[in-house]
Visitor: 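This is the structure, below, for whatever I ask next.
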Amino acid sequence: MLPINTSSDNVNGIHFDPTVEDLVKGDSTAKSYGEVSIKSFFSPRYVMVCSAAAAIGGFLFGVDEGLISIILGMDPFLVQFPQVDETRRLMTGLLELGAAFGAVQSGYAADKISRRYVLLLGTVWFLIGSTLQTSAFHFSQLVVGRFIGGVGIGTLACVAPIFIGEIAPPHLRGAMLVFESWMVVLGCVIAFYVTYGTRFILSDWSFRLPFLLQMIPGPILAGMIFYMPFSPRWLTLKGRHEEALETLVKLRELPATDPRVQAEWVELRADILSRRMAQELRHPSVATSEVSDLRREVLTRVDCFEPGIFQRTGIGLQFFQQFIGINAIVYYAPTLYATLGMDREAQLNYSGITNIMQLLGVTPAFFLMDRVGHRPLLLFGSTVCFACQVITGSMVACFYNNWPSHPSEARVGVAMLMIFMSVFGLSWAPVPWAMPPEVCAGSYRSNAVALAVVSNWVNNFIIGLITPIIVQKTNGYGAFFFFAAFAALSFAFVYLLVPETKGLSLEDIDARFHSNTATEDEARKREVIADILGISGGHGSPAADFKVTELEHVEVTTTRGEK
């Protein structure tokens, strides 16, 4: 078994504040930074700028969602690509397939070459795909462009929340992760209205211009990559402890002597080391230096399906996020409004308003999620979304063949879809994206988020394929009842399997998920913290059984004068 080294030649001489020992207990570090407020959200300027840059990845996803629903109905587009008229579902789903592929490989890449370089890689994939779509004159080129662009979007959607969650202050982590979801919806709204305007162009530029304009945020993100820091957690994972401390100082805008910064630094190191110890206990074969990083990666992904870990990956949340019907409405909003008797112009107008309603719903989630919690928002969202889908489906089932005589009922259906979008934006839009990186331990986080993103894109692809069929076969009402059923199931899923994690730190969430190894993991972590701080550790604990004596003590000078 290889000894795990807690020391670093670059961090000798650090003076720990005497309060650090108290701050590393429970969620004291997060609480020490204060409460969530509008002022505190914008106060760490460097964090805010870097989070906004990373969130461009989500913005690009929203842009594609917003423009494709109108482009697929443009006459110049269908004249140039007549095959699309028969394969519209495939065109909608190609990006999701590419995104799933991008998400699969991004977790490993994020740990291997860093979060920020994978963001750059995803941007390059997206720009290549967008270039192919913009310049396409043949259907095959359009198809390849859609898939390659999807690889980029999937990569960005996977890594952006990881990066944001790892640079955000502990007390703002949830709000910062909601910001990425907000950017997705903002991109959808902006792209919709850009395409809404270009549809009046009679030439190919009616669809080429939106494809071209969606490329603009890409170079901005690529340029910002070199302004953004490496994630402190990734630096710690690579043993670059001095850089991790320097990065925390820059992100928190506090000196290295601040006990909160020191506590975060100690917790990062202890968390990563204790997780490595746990992995070696689970898989003794990885304790040798000959084991490849790829094998470690595969074993870690397998571990993500263990009890106590699988619930944190967000795979189930992402499944229900899609099967509640959000992207069925976003992608096929004009078609669904047609089932309510709306003409083409009204279909597009209401589709745009629908996207705005989701944006309005997401906005208050910035602060409600940390104040109210994940679980209440999800349960509330499931209840309201179920009611809205049932009422809309009932209106369509009763009056689909005679809407001119029932304008009031049509308006009820429209109102229900608007309420659905706003409530979904408040609940199921941000929480499934924010929860996995917030609750997963460091050694699982990148892989867990990757699995959640893969779940999102695969289910997104399925929804894109089946929605037109359900609408066509059931005169529209069947689609609403179909999604209502899954809204009801989502309530049961959250009620039974999703615990509340509000106010808990990353390292203290184990117990809420009834992890079989929670006690042992905590004991190992405390041993490592004691070792780093140079204080006496416990004896007879699971960490001691792991030969904690092999750990080399950090040669730091504490305020107690200990070595």
Side-chain angles (χ1 to χ4, degrees), residues 181 185 188 316-342 346-347 350-351 353-365 368-369 372-400 403 406-432 435 459-460 463 466-467 470-471 474-498 500:
S181 298
V185 184
C188 188
L317 290 175
Q318 292 288 1
F319 170 84
F320 283 110
Q321 185 196 64
Q322 291 305 310
F323 273 82
I324 286 175
I326 179 59
N327 278 330
I329 296 176
V330 172
Y331 292 146
Y332 301 109
T335 300
L336 295 175
Y337 281 114
T339 66
L340 290 166
M342 304 298 160
Q347 293 168 23
Y350 281 128
S351 297
I353 297 173
T354 298
N355 290 325
I356 293 175
M357 294 302 294
Q358 187 182 2
L359 182 65
L360 294 175
V362 170
T363 302
L368 283 179
M369 194 164 68
V372 177
H374 299 139
R375 182 179 164 91
L377 285 177
L378 291 175
L379 292 173
F380 171 72
S382 296
T383 303
V384 177
C385 289
F386 169 78
C388 290
Q389 295 280 26
V390 168
I391 294 173
T392 306
S394 300
M395 295 296 103
V396 176
C398 294
F399 309 112
Y400 73 89
W403 282 118
H406 301 89
S408 297
E409 286 80 358
R411 286 192 290 270
V412 170
V414 171
M416 289 301 102
L417 287 179
M418 298 298 177
I419 294 173
F420 173 93
M421 293 298 287
S422 61
V423 172
F424 184 93
L426 177 65
S427 55
W428 280 91
V431 174
M435 196 169 183
N459 292 303
N460 203 334
I463 292 298
I466 67 175
T467 299
I470 298 175
V471 172
T474 65
N475 295 307
Y477 61 83
F480 295 109
F481 290 135
F482 176 82
F483 295 124
F486 280 99
L489 290 174
S490 72
F491 183 96
F493 174 80
V494 173
Y495 186 81
L496 296 174
L497 298 176
V498 179
E500 182 53 63

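Here the structure is a predicted model, which means the values were calculated and not measured. Just so you know, residue 1 is the first one in the sequence shown, and it goes up from there.
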Visitor: Any side-chain heavy atom of Leu340 sitting closer than 4.5 Å to one from Val396?
Guide: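 They are in contact (side-chain heavy atoms under 4.5 Å apart), so the answer is yes.
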Visitor: Between atom CG of Leu417 and atom OG1 of Thr392, what is the distance when rounded to the nearest 0.5 Å?
Guide: 4.5 Å
Visitor: Should Leu379 and Tyr495 count as side-chain neighbours, where that means a heavy-atom distance under 4.5 Å?
Guide: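 A side-chain contact under 4.5 Å exists here.
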Visitor: Write down the atom of Cys188, the atom of Asn355, and the distance for their closest heavy-atom approach.
Guide: SG-OD1, 3.6 Å
Visitor: For His374 and Val498: C-alpha separation, side-chain torsions, deciding distance, then whether side-chain contact (heavy atoms from CB on, under 4.5 Å) applies.
Guide: CA-CA 9 Å; His374 299 139; Val498 179; 5.6 Å; no
Visitor: Please find the pair of heavy atoms, one from Gln347 and one from Pro334, that lie closest to each other, and give the distance.
Guide: OE1-O, 3.2 Å
Visitor: Taking C-beta and beyond as the side chain, do Thr339 and Tyr332 meet within less than 4.5 Å on heavy atoms?
Guide: no
Visitor: What distance do Phe483 atom CZ and Ile329 atom CD1 have between them, rounded to the nearest 0.5 Å?
Guide: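 The CD1 atom of Ile329 is 8.0 Å from CZ of Phe483, to the nearest 0.5 Å.
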Visitor: Take the angle between the ring planes of Phe319 and Phe486 and call it parallel below 30°, perpendicular above 60°, tilted in between.
Guide: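 Ring orientation, 0 to 90° scale: perpendicular.
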Visitor: Between Ala410 and Met342, which heavy-atom pair has the shortest distance, and what is it?
Guide: CB-CE, 4.1 Å
Visitor: Roughly how far, to the nearest 0.5 Å, is the CG atom of Leu426 from the CE atom of Met357?
Guide: 11.5 Å
Visitor: Do Glu409 and Trp403 come within less than 4.5 Å of each other through their side chains, counting heavy atoms only?
Guide: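 Yes, at least one pair of side-chain atoms sits under 4.5 Å.
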Visitor: State which residues pass ring pair (Phe, Tyr, Trp, His ring centres under 6.0 Å) with Tyr350; sequence neighbours excluded, sorted by chain then number.
Guide: Tyr337
Visitor: Atom CD1 in Ile324, atom OG in Ser427: separation rounded to 0.5 Å?
Guide: 7.0 Å
Visitor: Measure the shortest side-chain to side-chain distance between Met421 and Ile356 over non-hydrogen atoms and say whether it is less than 4.5 angstrom.
Guide: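 Result no, sub-4.5 Å side-chain heavy-atom pair not found.
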Visitor: Please determine whether side-chain contact (heavy atoms from CB on, under 4.5 Å) holds for the pair Val423 and Phe380, giving the CA-CA distance in whole Å, both sets of side-chain angles, and the decisive distance to 0.1 Å.
Guide: CA-CA 8 Å; Val423 172; Phe380 171 72; 3.8 Å; yes
Visitor: Taking side chain to side chain donor-acceptor pair (under 3.5 Å) as the test, write out the residues that go with Thr474, two or more places apart.
Guide: none
Visitor: Between Ala484 and Gln389, what is the shortest heavy-atom contact and its length?
Guide: CB-CB, 3.6 Å
Visitor: Report the C-alpha distance between Phe491 and Phe386 in whole Å, list the side-chain angles of each, state the deciding distance to 0.1 Å, and finish with yes or no for side-chain contact (heavy atoms from CB on, under 4.5 Å).
Guide: CA-CA 9 Å; Phe491 183 96; Phe386 169 78; over 6 Å; no
Visitor: Show your reasoning for whether side-chain contact (heavy atoms from CB on, under 4.5 Å) applies to Thr467 and Tyr331.
Guide: CA-CA 9 Å; Thr467 299; Tyr331 292 146; over 6 Å; no
Visitor: Test of understanding: with side chain to side chain donor-acceptor pair (under 3.5 Å), list the residues that count as partners of Ser382, not counting sequence neighbours.
Guide: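 Side chain to side chain donor-acceptor pair (under 3.5 Å) list for Ser382, sorted by chain: Trp428, Ser490.
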Visitor: For the CG atom of Asn327 and the CD1 atom of Ile463, what is their distance to the nearest 0.5 Å?
Guide: 8.5 Å
Visitor: Can you tell me how far the CE atom of Met435 sits from the CZ atom of Arg375, to the nearest 0.5 Å?
Guide: 9.5 Å
Visitor: For a 4.5 angstrom cut-off between non-hydrogen side-chain atoms, does Phe481 reach Ser394?
Guide: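 In contact.
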Visitor: Mind listing the closest non-hydrogen atom pair of Ile470 and Gly478 along with its distance?
Guide: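 Heavy atoms of Ile470 and Gly478 come nearest at CG2-C, 3.6 Å.
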Visitor: Please name the pair of heavy atoms, one in Pro432 and one in Leu317, separated by the smallest distance, quoted to 0.1 Å.
Guide: CB-CB, 3.9 Å
Visitor: Taking the side chain as C-beta and beyond, is there a heavy-atom pair between Phe493 and Leu378 under 4.5 Å?
Guide: no
